[in-house]
Amino acid sequence: MQSLFNGLVQGAVYALIALGYTMVYGILRMINFAHGEVYMIGAYLSVVTLSLLTALGFAAVSVPLCLLVSLAVAMVFCAAHGFTVERAAYKPLRQSHLLVPLISAVGMSTFLQNYVMLAQGKAPRDFPHEFRELLVSRTFEPFGVRVNLLELVILGGTLLMLVLLHLFVTRTNMGKAMRATSQDMKMASLAGINVDRVISVTFVIGSALAAAAGVMVCMYEKNTCFDRGYLAGLKAFTAAVLGGIGNLPGAVVGGLLLGIVESLGIWLLSPDYKDVYAFIVLILVLLVRPTGLLGEQVADKS
Amino acid sequence: MLVLDNIHSAYGKIEALKGISLEVNEGEIVTLIGANGAGKSTTLMTICGVNRVKQGTISFKGERIDSLPPHVIVRKGISQAPEGRRIFPRLTVIENLEMGAFVRTDAEAIGKDIEYVFGLFPILRERRQQLGGTLSGGEQQMLAIARALMARPKLLLLDEPSLGLAPIVVAKIFEAIKGLNRQGATIFLVEQNARMALKLAHRGYVLETGRITMNDTAAALLNSRRVQEAYLGA
Ligand SMILES: Nc1ncnc2c1ncn2[C@@H]1O[C@H](COP(=O)(O)OP(=O)(O)OP(=O)(O)O)[C@@H](O)[C@H]1O
Ligand SMILES: [Mg+2]
């Protein structure tokens with residue numbers, strides 16, 4: 001039970017990051033390798049914002065408020081990063097072969113890592129202790145499972161964002177335009193949809209979700225570092241493929257499944273191979289269902 | 001209303017349109033007929049801004065539109081029901097119609113227009129919550145036209161609305177096109193089914209490998225030997 005719960009928390013985070021991969025893939029048929037870096041930048045931004053707020057004396061006023069502000073700052077600035085990355089590194093290559101933006105994405109990922117390393121150093125940065133303490137110090141024990149407030153916040157926050165995203169893509173015109181664009185980009189433009197704008201919105205939303213994940217994980221794991229985006233990104237990408245890349249519910253299912261499998265693997269087998277379980281599951285699922293769990297047959301429409 | 005002047009357009013090095021000029025006036029149905037690969041669809045995609053103009057000009061209501069992006073051209077009042085229908089497969093019928101009205105913000109009027117196109121094609125009302133990809137070919141064609149109408153276009157472009165449909169369905173769709181025109185719609189119709197198109201249209205153009213080779217009233221084209229031999233199987 002305990003490891004199931006831990007897996008759920010971890011999986012929720014994977015799901016949030018995976019959504020960004022899957023949304024971008026759904027529209028551009030490309031993998032945004034820089035997405036993991038945006039997640040890592042989100043973590044840094046919260047740390048920096050909190051230090052700043054503390055220095056200015058706001059921490060004494062209200063700790064929860066400071067946390068919310070730092071989350072908002074991380075989400076907004078990461079959204080700006082996502083927007084800029086797309087405009088600078090992908091949009092100019094839109095007409096080229098699909099491999100070209102992919103290579104640009106790898107370059108962008110390296111660039112972002114190095115830029116954070118130069119700005120923040122190679123050593124991990126701690127999430128300010130007093131803010132973390134507020135959440136992790138409160139624990140509950142329902143049904144014999146040890147749970148702290150932070151874990152509940154992660155689950156609740158993820159759920160809230162999933163609901164908002166769902167409402168966005170099913171109820172708003174922009175959300176529907178996003179789905180339309182992912183189904184037939186040329187037709188979307190013939191219907192009067194500004195496809196460039198839809199793509200930007202996709203990057204903005206995906207990046208904001210990744211930022212939220214970054215902030216929450218940074219609290220969970222106590223610190224962050226410039227290279228943290230790599231593995232998290234890889235796992236979330238795995239989750240997206242697992243669920244069927246391009247499919248939003250698939251990313252959520254894939255993320256949760258991955259988190260749970262990992263945590264069961266640690267519990268039942270050995271923690272040494274933590275990072276391997278994800279990929280074993282991926283291979284097994286793809287052998288049986290090449291399109292992923294909820295994937296449609298992705299007919300190549302280009 | 002719409003004037004193409006010496007339009008050239010190419011796919012890479014292959015020139016698909018080699019200097020075509022044509023005109024569509026307000027209130028008309030004009031048809032463009034031609035064999036497979038003549039460049040009919042390319043003409044429509046070039047008008048809509050999806051294919052870039054290499055040389056020549058396109059103007060609409062006196063304004064140059066040949067360098068505008070597709071979504072802006074829709075705002076100017078041109079919408080298209082493209083070849084192959086291109087229904088958004090995983091959006092419902094209603095959502096497909098809403099996407100047709102994407103450029104508009106008048107929610108109330110959009111609701112009325114949805115009712116209007118349901119009046120035109122009642123089957124769509126029954127299928128309103130069904131996913132576009134699960135409709136039959138004829139239903140998809142109706143939806144494609146209805147979606148194009150949702151933009152309240154001043155000029156409606158139709159690319160082979162009869163393609164792959166049973167004669168009864170084709171007749172129904174052509175009847176609807178005629179009705180739209182009677183209510184004042186201006187229509188530019190691309191067809192391989194030359195006979196039906198020429199019977200419906202006021203004027204027609206014949207396109208052969210990227211060039212306009214004939215241009216006359218529809219009645220005159222129907223009676224022309226050349227058209228009869230090449231396109232009417234006479
Ligand atoms: N995406 C493309 N890339 C390269 N060449 C193309 C492309 N689309 C069309 N062509 C070429 O341009 C020419 C005109 O094609 P177009 O689709 O406009 O013909 P059409 O008159 O609509 O034919 P059909 O009646 O078969 O629909 C053809 O020779 C075709 O092979
Ligand atoms: Mg064609």
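Within every chain, numbering begins at 1; the chains are lettered A, B, ... in the order of the sequence lines, protein sequences first and strands thereafter. Computed from a predicted model, the values in this text were never measured in an experiment.
Contacts between B/Pro89 and chain A at a heavy-atom distance below 4.5 Å involve backbone atoms as well as side-chain atoms. Heavy atoms of B/Met45 lying under 4.5 Å from chain A belong exclusively to its side chain.
Within the model, atoms CG of A/Asp184 and CZ of B/Arg85 stand 14.0 Å from one another, a figure rounded to the nearest 0.5 Å.
For the pair B/Met99 and A/Met187, the minimum side-chain heavy-atom distance is 4.5 Å or more. In this structure, the side chains of B/His71 and A/Leu190 stay at 4.5 Å or more apart for every pair of heavy atoms.
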Next on the checklist: Working note: A/Arg179 + B/Arg90, criterion side chain to side chain contact (heavy atoms under 4.5 Å, CB included); need CA distance, chi angles, decisive distance, verdict.
Outcome noted: CA-CA 8 Å; A/Arg179 283 155 62 214; B/Arg90 277 162 278 121; over 6 Å; no
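More than 12 heavy atoms of other shown residues, nucleotides or ligands fall within 6.0 angstrom of atom CD in B/Glu115. For CZ of B/Arg52, the number of neighbouring non-hydrogen atoms (other residues, nucleotides, ligands) closer than 6.0 Å is greater than 12. The environment of CD in A/Gln95 is sparse: at most 12 heavy-atom neighbours from other residues, nucleotides or ligands sit within 6.0 Å. More than 12 heavy atoms of other shown residues, nucleotides or ligands fall within 6.0 angstrom of atom NZ in B/Lys18. Around OH of A/Tyr277, the count of heavy atoms belonging to other residues, nucleotides or ligands within 6.0 Å exceeds 12.
B/Glu95 places no side-chain N or O within 3.5 Å of a backbone atom of A/Lys176 that could act as its donor or acceptor partner.
Considering only heavy-atom pairs separated by less than 4.5 Å from chain A, the leading option among B/Ile78, B/Val74, B/Val72, B/Ile73 is B/Val74.
Across A/Asn173 and B/Phe102, no two heavy atoms sit closer than the pair O-CE1, 3.7 Å. What you find for B/Val103 and A/Ala191 is that their closest heavy atoms are CG1-O, 4.3 Å. The nearest pair of heavy atoms linking A/Ser189 to B/Val50 is OG-CG2, 4.3 Å.
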